[in-house]
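Residue numbers start at 1 and run along the sequence shown. Just so you know, these numbers come straight off a predicted model, no measurement behind them.
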Amino acid sequence: MKKNYSIIVVSLNTKNYFLETINSIISQTYTSYEIIVVDGLSIDGTKKKILEYKTYLSKIIIEKDNGIYDAMNKGLRKASGDWVIFM
């Protein structure tokens with residue numbers, strides 16, 4: 001089923017902020033969204049946390065990128081919602 005919102009979370013070595021962001025999203029009562037995570041090969045444990053939360057995530061991209069805008073564009077290409085939110 002198509003979701004209304006695509007929430008794209010980009011990260012690089014942001015383990016604590018990643019957890020805060022994902023927990024905030026999944027605690028909402030509104031559920032017509034997909035969560036797309038794009039990580040640029042973090043080395044601080046973010047990748048491990050992403051995989052621990054994979055049941056909540058619609059799409060996961062973990063690979064080297066060329067900066068934040070490249071990561072945002074990768075997420076945007078995977079988005080299927082009517083609206084896109086970058087976090």
Side-chain angles (χ1 to χ4, degrees):
M1 177 172 63
K2 184 174 179 180
K3 301 294 185 170
N4 289 342
Y5 292 91
S6 295
I7 303 171
I8 301 172
V9 179
V10 294
S11 68
L12 179 61
N13 298 322
T14 59
K15 179 175 69 174
N16 294 331
Y17 295 116
F18 172 80
L19 293 175
E20 287 179 29
T21 300
I22 297 302
N23 285 322
S24 176
I25 295 167
I26 63 178
S27 70
Q28 303 300 311
T29 57
Y30 184 83
T31 59
S32 186
Y33 60 80
E34 65 178 352
I35 302 173
I36 301 168
V37 172
V38 184
D39 181 79
L41 291 179
S42 293
I43 58 171
D44 70 338
T46 304
K47 289 189 301 185
K48 181 179 177 186
K49 292 300 176 186
I50 290 169
L51 297 176
E52 287 176 12
Y53 278 75
K54 70 181 177 183
T55 57
Y56 300 102
L57 309 176
S58 304
K59 298 166 186 145
I60 301 170
I61 302 168
I62 300 175
E63 62 188 23
K64 179 80 172 119
D65 56 55
N66 294 314
I68 190 168
Y69 298 112
D70 183 38
M72 292 168 77
N73 283 319
K74 287 180 181 185
L76 191 56
R77 284 190 286 274
K78 298 290 184 181
S80 62
D82 296 320
W83 297 90
V84 175
I85 300 168
F86 290 99
M87 301 187 81

- [ ] Establish whether Leu76 and Tyr33 are linked, either directly or via other cluster members, by ILVMFWY side-chain heavy-atom contacts under 4.5 Å.
- [x] no
Open item on the list: Other residues, nucleotides and ligands only: do more than 12 of their heavy atoms fall within 6.0 Å of NZ on Lys59?
Closed with: yes
Open item on the list: If hydrophobic clusters are built from ILVMFWY residues whose side chains come within less than 4.5 Å, do Ile62 and Met87 share one?
Closed with: yes
Open item on the list: According to a hydrophobic-cluster definition based on side-chain heavy atoms being under 4.5 Å apart (Ile, Leu, Val, Met, Phe, Trp, Tyr only), do Ile8 and Ile61 belong together?
Closed with: yes
TODO: In sequence, state the C-alpha distance, the side-chain angles, and the governing distance for Tyr69 and Met72, and then conclude on side-chain contact (heavy atoms from CB on, under 4.5 Å).
DONE: CA-CA 5 Å; Tyr69 298 112; Met72 292 168 77; 3.9 Å; yes
TODO: Answer yes or no: is there a donor N or O on one side and an acceptor on the other, between the side chain of Ser42 and the main chain of Lys47, under 3.5 Å?
DONE: no
TODO: Verify the cluster assignment for Phe86 and Val38: are they in a single hydrophobic cluster under the rule of side-chain heavy atoms below 4.5 Å apart?
DONE: yes
Task: Heavy-atom closest contact (Gly40 atom, Asp65 atom, distance) - done: CA-OD2, 3.4 Å
Open item on the list: Any side-chain to backbone donor/acceptor pair from Ser6 onto Val84? Under 3.5 Å, distance only.
Closed with: no
TODO: Quick one: pull up CG in Asn16 and CG in Asp44 and give me the separation to the nearest 0.5 Å.
DONE: 8.0 Å
Open item on the list: Distance check, rounded to the nearest 0.5 Å: Ile50 atom CD1 versus Phe18 atom CZ?
Closed with: 4.5 Å
Task: Shortest non-hydrogen contact from Ser80 toward Glu34 - done: N-OE2, 2.8 Å
- [ ] For Ile25 and Tyr56, run side-chain contact (heavy atoms from CB on, under 4.5 Å): C-alpha distance rounded to whole Å, both residues' side-chain angles, the deciding distance at 0.1 Å, then the answer.
- [x] CA-CA 10 Å; Ile25 295 167; Tyr56 300 102; over 6 Å; no
Open item on the list: Count I, L, V, M, F, W, Y as connected when their side-chain heavy atoms are under 4.5 Å apart, and connections chain through other members. Are Leu41 and Leu12 then in the same cluster?
Closed with: no
TODO: Mind checking the CD1-CD1 spacing from Ile36 to Ile85? Nearest 0.5 Å is all I need.
DONE: 11.0 Å
Open item on the list: Just verifying a value: how many Å separate Lys15 NZ and Asp39 CG, rounded to the nearest 0.5 Å?
Closed with: 13.0 Å
TODO: Measure the shortest side-chain to side-chain distance between Ile26 and Tyr53 over non-hydrogen atoms and say whether it is less than 4.5 angstrom.
DONE: yes
Open item on the list: Measuring only between side-chain heavy atoms, which start at C-beta, is Ile22 closer than 4.5 Å to Leu57?
Closed with: yes
Task: Atom pair NZ/OG1 of Lys49 and Thr14 - distance to nearest 0.5 Å - done: 13.0 Å
TODO: Taking atom CD1 of Ile68 as the centre, report whether more than 12 heavy atoms of other residues, nucleotides or ligands fall under 6.0 Å from it.
DONE: no
